[in-house]
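All remarks here apply to the structure that follows.
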Amino acid sequence: MARLVLLLSAVGALAGELSVCVGRQQQPPFVFNDTAGQLTGLGLDVLKAVSQQLERPTRLQSLPLARCIEELKFGRYDLALNMSSGIARRPGLLASQAYYQLRPELYALRRPNRPALPAEVWPEDLQLLRLCGLRGLSYEDFGVRSRDIDTGTNVYPELVRKLLLGRCDGLLEFRQIVAGLYLIDRETGELATSSNISRHRLRGQPDVGLHLVARSDSAGRALIASIDPVIRRLQAQGRIDTLLSAYLQP
(Lines give C-alpha, C1' and ligand atoms only; values in the text may rest on other atoms or scores of the structure.)
Protein backbone atom coordinates (compact mmCIF):
# COMPACT_ATOMS: atom_id res chain seq x y z
CA MET A 1 0.00 0.00 0.00
CA ALA A 2 2.81 2.44 0.87
CA ARG A 3 4.45 1.87 -2.53
CA LEU A 4 1.10 2.50 -4.23
CA VAL A 5 0.68 5.79 -2.36
CA LEU A 6 4.18 6.89 -3.39
CA LEU A 7 3.48 5.96 -7.01
CA LEU A 8 0.19 7.86 -7.06
CA SER A 9 1.91 10.88 -5.48
CA ALA A 10 4.61 10.85 -8.17
CA VAL A 11 2.03 10.56 -10.95
CA GLY A 12 0.02 13.39 -9.41
CA ALA A 13 3.14 15.56 -9.37
CA LEU A 14 3.28 15.32 -13.15
CA ALA A 15 -0.07 17.10 -13.52
CA GLY A 16 -0.72 20.83 -13.43
CA GLU A 17 1.52 23.87 -13.40
CA LEU A 18 5.27 23.60 -12.92
CA SER A 19 6.75 26.15 -10.53
CA VAL A 20 10.33 27.00 -11.56
CA CYS A 21 12.96 29.26 -10.01
CA VAL A 22 16.13 30.58 -11.62
CA GLY A 23 19.13 32.45 -10.20
CA ARG A 24 18.77 36.22 -10.44
CA GLN A 25 22.30 36.80 -11.78
CA GLN A 26 22.17 37.16 -15.57
CA GLN A 27 24.01 34.47 -17.53
CA PRO A 28 23.76 35.40 -21.23
CA PRO A 29 22.95 33.77 -23.61
CA PHE A 30 21.27 31.24 -21.31
CA VAL A 31 19.24 33.43 -18.96
CA PHE A 32 19.27 37.24 -19.19
CA ASN A 33 17.05 40.30 -19.50
CA ASP A 34 16.48 41.64 -23.00
CA THR A 35 16.30 45.35 -23.87
CA ALA A 36 12.67 45.42 -22.73
CA GLY A 37 13.62 43.95 -19.37
CA GLN A 38 12.01 40.59 -20.11
CA LEU A 39 13.76 37.38 -19.05
CA THR A 40 14.92 35.41 -22.09
CA GLY A 41 17.66 33.04 -23.26
CA LEU A 42 18.36 29.47 -24.27
CA GLY A 43 17.45 28.11 -20.83
CA LEU A 44 13.96 29.57 -21.15
CA ASP A 45 13.66 28.13 -24.67
CA VAL A 46 14.50 24.68 -23.31
CA LEU A 47 12.04 25.15 -20.45
CA LYS A 48 9.34 26.17 -22.95
CA ALA A 49 9.99 23.04 -25.05
CA VAL A 50 9.80 20.86 -21.92
CA SER A 51 6.57 22.58 -20.88
CA GLN A 52 5.01 22.00 -24.29
CA GLN A 53 6.07 18.34 -24.47
CA LEU A 54 4.78 17.61 -20.96
CA GLU A 55 1.67 19.73 -21.58
CA ARG A 56 2.29 21.56 -18.32
CA PRO A 57 2.38 25.37 -18.07
CA THR A 58 5.24 26.92 -16.10
CA ARG A 59 5.47 29.74 -13.60
CA LEU A 60 9.00 31.18 -13.44
CA GLN A 61 10.43 33.20 -10.57
CA SER A 62 13.84 34.90 -10.51
CA LEU A 63 15.53 34.63 -7.10
CA PRO A 64 19.01 34.90 -5.57
CA LEU A 65 20.72 31.63 -6.50
CA ALA A 66 21.16 30.34 -2.94
CA ARG A 67 17.52 31.04 -2.12
CA CYS A 68 16.33 29.31 -5.31
CA ILE A 69 18.24 26.17 -4.34
CA GLU A 70 17.03 26.18 -0.73
CA GLU A 71 13.39 26.76 -1.67
CA LEU A 72 13.62 23.94 -4.20
CA LYS A 73 14.86 21.62 -1.46
CA PHE A 74 11.93 22.65 0.75
CA GLY A 75 9.49 21.81 -2.04
CA ARG A 76 8.36 25.36 -2.75
CA TYR A 77 9.38 24.93 -6.41
CA ASP A 78 9.23 21.92 -8.71
CA LEU A 79 12.37 22.80 -10.70
CA ALA A 80 15.38 25.08 -10.75
CA LEU A 81 16.54 26.26 -14.16
CA ASN A 82 20.06 26.81 -15.51
CA MET A 83 21.88 24.99 -12.70
CA SER A 84 25.52 24.02 -13.28
CA SER A 85 26.90 20.52 -12.75
CA GLY A 86 28.51 21.52 -9.46
CA ILE A 87 25.21 22.72 -8.05
CA ALA A 88 23.33 19.76 -9.49
CA ARG A 89 25.53 17.34 -7.52
CA ARG A 90 24.63 18.83 -4.15
CA PRO A 91 22.82 16.61 -1.64
CA GLY A 92 19.04 16.61 -1.91
CA LEU A 93 19.00 17.56 -5.60
CA LEU A 94 18.43 15.53 -8.75
CA ALA A 95 19.55 16.84 -12.14
CA SER A 96 18.25 16.32 -15.63
CA GLN A 97 20.56 15.41 -18.47
CA ALA A 98 22.65 18.48 -19.33
CA TYR A 99 21.01 20.51 -22.06
CA TYR A 100 24.29 22.31 -22.83
CA GLN A 101 28.01 21.98 -22.01
CA LEU A 102 30.01 25.04 -20.93
CA ARG A 103 33.77 25.54 -21.23
CA PRO A 104 35.36 27.02 -18.06
CA GLU A 105 38.15 29.52 -18.76
CA LEU A 106 40.34 32.17 -17.16
CA TYR A 107 40.25 35.74 -18.47
CA ALA A 108 43.40 37.51 -17.33
CA LEU A 109 44.54 41.12 -17.53
CA ARG A 110 47.65 41.58 -19.68
CA ARG A 111 50.23 43.45 -17.60
CA PRO A 112 53.35 44.86 -19.33
CA ASN A 113 55.55 44.18 -16.28
CA ARG A 114 54.55 40.52 -15.94
CA PRO A 115 55.26 37.52 -18.16
CA ALA A 116 52.31 36.29 -20.21
CA LEU A 117 50.39 33.30 -18.90
CA PRO A 118 50.46 30.10 -20.98
CA ALA A 119 47.50 29.34 -23.24
CA GLU A 120 46.39 26.65 -20.78
CA VAL A 121 46.67 26.87 -16.99
CA TRP A 122 46.06 24.37 -14.21
CA PRO A 123 43.49 25.14 -11.50
CA GLU A 124 46.28 25.20 -8.89
CA ASP A 125 47.95 28.01 -10.87
CA LEU A 126 44.89 30.13 -10.09
CA GLN A 127 45.97 30.27 -6.45
CA LEU A 128 48.75 32.66 -7.49
CA LEU A 129 46.24 35.13 -8.94
CA ARG A 130 43.84 37.61 -7.40
CA LEU A 131 40.55 36.54 -8.92
CA CYS A 132 37.33 38.51 -8.99
CA GLY A 133 33.79 37.36 -9.66
CA LEU A 134 30.12 38.10 -9.21
CA ARG A 135 28.28 38.04 -5.91
CA GLY A 136 25.96 35.07 -5.56
CA LEU A 137 27.59 32.79 -8.11
CA SER A 138 29.33 29.48 -7.37
CA TYR A 139 32.91 28.98 -8.61
CA GLU A 140 33.45 25.36 -7.61
CA ASP A 141 32.90 24.38 -11.25
CA PHE A 142 36.24 26.10 -12.00
CA GLY A 143 38.16 24.02 -9.48
CA VAL A 144 38.39 26.80 -6.86
CA ARG A 145 36.52 27.63 -3.67
CA SER A 146 33.97 30.43 -4.01
CA ARG A 147 35.22 31.97 -0.76
CA ASP A 148 38.65 32.49 -2.37
CA ILE A 149 37.14 34.74 -5.06
CA ASP A 150 36.64 38.49 -4.59
CA THR A 151 32.88 38.60 -5.21
CA GLY A 152 32.32 42.24 -4.35
CA THR A 153 30.77 42.98 -7.74
CA ASN A 154 27.11 42.61 -8.71
CA VAL A 155 26.95 42.84 -12.51
CA TYR A 156 29.17 42.00 -15.50
CA PRO A 157 29.88 45.61 -16.65
CA GLU A 158 31.30 46.38 -13.19
CA LEU A 159 33.25 43.10 -13.14
CA VAL A 160 34.94 43.64 -16.52
CA ARG A 161 35.86 47.22 -15.64
CA LYS A 162 37.25 46.07 -12.29
CA LEU A 163 39.58 43.70 -14.13
CA LEU A 164 40.65 46.31 -16.67
CA LEU A 165 41.44 48.75 -13.85
CA GLY A 166 43.84 46.17 -12.42
CA ARG A 167 41.93 45.60 -9.20
CA CYS A 168 42.26 41.86 -9.79
CA ASP A 169 44.40 39.67 -12.03
CA GLY A 170 41.67 37.69 -13.71
CA LEU A 171 38.13 36.41 -13.66
CA LEU A 172 36.70 32.94 -14.18
CA GLU A 173 33.85 32.50 -16.60
CA PHE A 174 32.48 30.18 -19.25
CA ARG A 175 33.47 30.86 -22.83
CA GLN A 176 29.87 30.90 -24.05
CA ILE A 177 28.81 33.46 -21.45
CA VAL A 178 31.66 35.84 -22.32
CA ALA A 179 30.63 35.48 -25.96
CA GLY A 180 27.10 36.49 -24.96
CA LEU A 181 27.95 39.53 -22.82
CA TYR A 182 27.13 41.92 -25.65
CA LEU A 183 23.50 40.80 -25.28
CA ILE A 184 23.24 42.70 -21.99
CA ASP A 185 25.76 45.44 -22.74
CA ARG A 186 27.60 45.77 -26.07
CA GLU A 187 30.46 47.81 -24.60
CA THR A 188 31.06 45.19 -21.92
CA GLY A 189 31.12 42.45 -24.55
CA GLU A 190 33.69 44.35 -26.58
CA LEU A 191 35.86 45.07 -23.53
CA ALA A 192 35.77 41.45 -22.38
CA THR A 193 37.11 40.30 -25.75
CA SER A 194 39.61 43.14 -26.22
CA SER A 195 43.37 42.68 -26.61
CA ASN A 196 43.84 43.85 -23.00
CA ILE A 197 42.41 40.57 -21.72
CA SER A 198 43.89 37.16 -22.52
CA ARG A 199 41.84 33.94 -22.56
CA HIS A 200 43.13 30.68 -21.07
CA ARG A 201 41.69 27.17 -21.03
CA LEU A 202 41.70 25.44 -17.63
CA ARG A 203 43.63 22.19 -17.90
CA GLY A 204 42.26 19.18 -16.08
CA GLN A 205 38.91 20.91 -15.66
CA PRO A 206 36.02 19.25 -17.55
CA ASP A 207 33.26 21.05 -19.37
CA VAL A 208 30.31 21.93 -17.15
CA GLY A 209 26.72 21.02 -17.92
CA LEU A 210 23.61 23.16 -17.53
CA HIS A 211 20.65 21.31 -16.06
CA LEU A 212 17.10 21.47 -14.87
CA VAL A 213 17.16 20.35 -11.23
CA ALA A 214 14.44 18.89 -9.01
CA ARG A 215 14.28 17.80 -5.40
CA SER A 216 15.57 14.27 -4.84
CA ASP A 217 12.29 12.61 -3.88
CA SER A 218 9.74 10.41 -5.66
CA ALA A 219 8.02 13.37 -7.34
CA GLY A 220 11.36 14.83 -8.43
CA ARG A 221 12.54 11.52 -9.85
CA ALA A 222 9.32 11.15 -11.85
CA LEU A 223 9.63 14.72 -13.14
CA ILE A 224 13.27 14.34 -14.22
CA ALA A 225 12.44 11.00 -15.87
CA SER A 226 9.88 12.82 -18.00
CA ILE A 227 12.22 15.72 -18.84
CA ASP A 228 15.29 13.75 -19.94
CA PRO A 229 13.69 12.28 -23.12
CA VAL A 230 12.64 15.81 -24.16
CA ILE A 231 16.20 17.12 -23.78
CA ARG A 232 17.64 14.15 -25.68
CA ARG A 233 15.15 14.71 -28.48
CA LEU A 234 15.98 18.43 -28.72
CA GLN A 235 19.69 17.61 -28.91
CA ALA A 236 19.22 14.87 -31.52
CA GLN A 237 17.19 17.25 -33.68
CA GLY A 238 19.86 19.96 -33.42
CA ARG A 239 17.29 22.38 -32.02
CA ILE A 240 19.38 23.50 -29.05
CA ASP A 241 22.30 24.58 -31.25
CA THR A 242 19.87 26.32 -33.61
CA LEU A 243 18.22 28.18 -30.74
CA LEU A 244 21.59 29.22 -29.31
CA SER A 245 22.86 30.54 -32.64
CA ALA A 246 20.01 33.05 -32.70
CA TYR A 247 21.41 34.70 -29.57
CA LEU A 248 25.08 34.63 -30.59
CA GLN A 249 24.75 36.10 -34.07
CA PRO A 250 26.93 39.21 -34.54
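Taking CG of L42 as the reference point, atom OH of Y247 lies at 7.0 Å (rounded to 0.5 Å).
For the pair V213/I87, no side-chain contact is recorded, criterion being any heavy-atom separation below 4.5 Å from C-beta on. For the pair D207/L102, no side-chain contact is recorded, criterion being any heavy-atom separation below 4.5 Å from C-beta on. Inter-residue side-chain proximity for M83 and I69 is flagged as met; some heavy-atom pair is nearer than 4.5 Å. A heavy-atom distance below 4.5 Å is found between the side chains of L79 and I224. For the pair E190/S194, no side-chain contact is recorded, criterion being any heavy-atom separation below 4.5 Å from C-beta on. In this structure, the side chains of L202 and E120 stay at 4.5 Å or more apart for every pair of heavy atoms. For the pair L181/R186, no side-chain contact is recorded, criterion being any heavy-atom separation below 4.5 Å from C-beta on. Here the side chains of E187 and R161 are in contact, with some heavy-atom distance below 4.5 Å.
The closest donor-acceptor contact from the side chain of D169 to the backbone of R130 lies under 3.5 Å. Although no hydrogens or angles enter the test, the distance criterion places a donor-acceptor pair under 3.5 Å between the side chain of H200 and the main chain of P118. Between the side chain of T151 and the backbone N or O of R135, no donor-acceptor pair lies under 3.5 Å. In this structure, S51 contributes its side chain and L47 its backbone to no donor-acceptor pair below 3.5 Å. In this structure, the side chain of R110 engages the main chain of S195 through a donor-acceptor pair within 3.5 Å.
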Checklist entry - For L164 and L191, what are the C-alpha separation, side-chain angles and deciding distance, and is it a side chain to side chain contact (heavy atoms under 4.5 Å, CB included)? => result CA-CA 8 Å; L164 289 170; L191 289 174; 3.8 Å; yes
Next on the checklist: One pair to check against salt bridge (charged side-chain N to carboxylate O under 4.0 Å, His left out): R199 and E105. What are the steps and the verdict?
Outcome noted: CA-CA 7 Å; R199 180 164 62 95; E105 293 185 333; 3.0 Å; yes
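In this structure, R167 places its CZ atom where only 12 or fewer heavy-atom neighbours from other residues, nucleotides or ligands lie under 6.0 Å away. In Q237, the CD atom is crowded: over 12 heavy atoms of neighbouring residues, nucleotides or ligands sit closer than 6.0 Å. Counting non-hydrogen atoms of neighbouring residues, nucleotides and ligands closer than 6.0 angstrom, the CZ atom of R239 reaches no more than 12 such neighbours.
Counting all heavy atoms, side chain and backbone alike, G166 lies closest to L109 at CA-CD2, 3.6 Å. What you find for L244 and P29 is that their closest heavy atoms are CD1-CG, 3.5 Å. Contact between L234 and A49 at its shortest, heavy atoms only, is CD1-CB, 3.8 Å.
With sequence neighbours excluded, no residue forms a side chain to side chain donor-acceptor pair (under 3.5 Å) with R147.
Among residues at least two apart or in separate chains, disulfide bond (SG atoms under 2.5 Å apart) pairs with a member in residues 54-100 are C21-C68. Listed by first then second residue, pairs satisfying disulfide bond (SG atoms under 2.5 Å apart) with a partner in residues 123-154 read C132-C168, not counting sequence neighbours. Under the side-chain hydrogen bond (donor to acceptor under 3.5 Å, both in side chains) criterion, the residue pairs touching residues 20-38 are Q27-Y156, with sequence neighbours excluded. For residues 86-106, every residue pair satisfying the ring pair (Phe, Tyr, Trp, His ring centres under 6.0 Å) rule, not counting sequence neighbours, is listed here: F30-Y100.
Ion pairing of R215 with D78 is absent here, as no side-chain N (NZ or NE/NH1/NH2) approaches a carboxylate O to less than 4.0 Å. In this structure, R145 pairs ionically with D148, as a charged nitrogen and a carboxylate oxygen lie closer than 4.0 Å. One finds a salt bridge joining E17 and R59 here, because a Lys/Arg side-chain nitrogen approaches an Asp/Glu carboxylate oxygen to under 4.0 Å. Of the charged side-chain nitrogens involved, none lies within less than 4.0 Å of a carboxylate oxygen, so that R221 and D228 do not count as a salt-bridged pair. Between R203 and D125, none of the side-chain N atoms (NZ, or NE/NH1/NH2) sits under 4.0 Å from a carboxylate O, so this pair counts as no salt bridge.
Using modelled atom types and a 3.5 Å distance limit, the side chains of E140 and S146 yield a donor-acceptor pair. Side-chain atoms of Q97 and Q235 form a donor-acceptor pair, as typed in the model, at a separation below 3.5 Å.
Residue L223 is grouped with residue L212 when hydrophobic side chains (ILVMFWY) are merged at heavy-atom distances under 4.5 angstrom, including chains of intermediate members.
Under a 4.5 Å side-chain heavy-atom criterion applied to ILVMFWY residues, the cluster that includes F74 comprises that residue alone.
In summary, of the residues considered (N154, T188, T153), a side-chain contact (heavy atoms from CB on, under 4.5 Å) with L159 occurs for T153 alone. With F174 as reference, F142 is the one residue of F142, Y139, Y107 to meet the ring pair (Phe, Tyr, Trp, His ring centres under 6.0 Å) rule.
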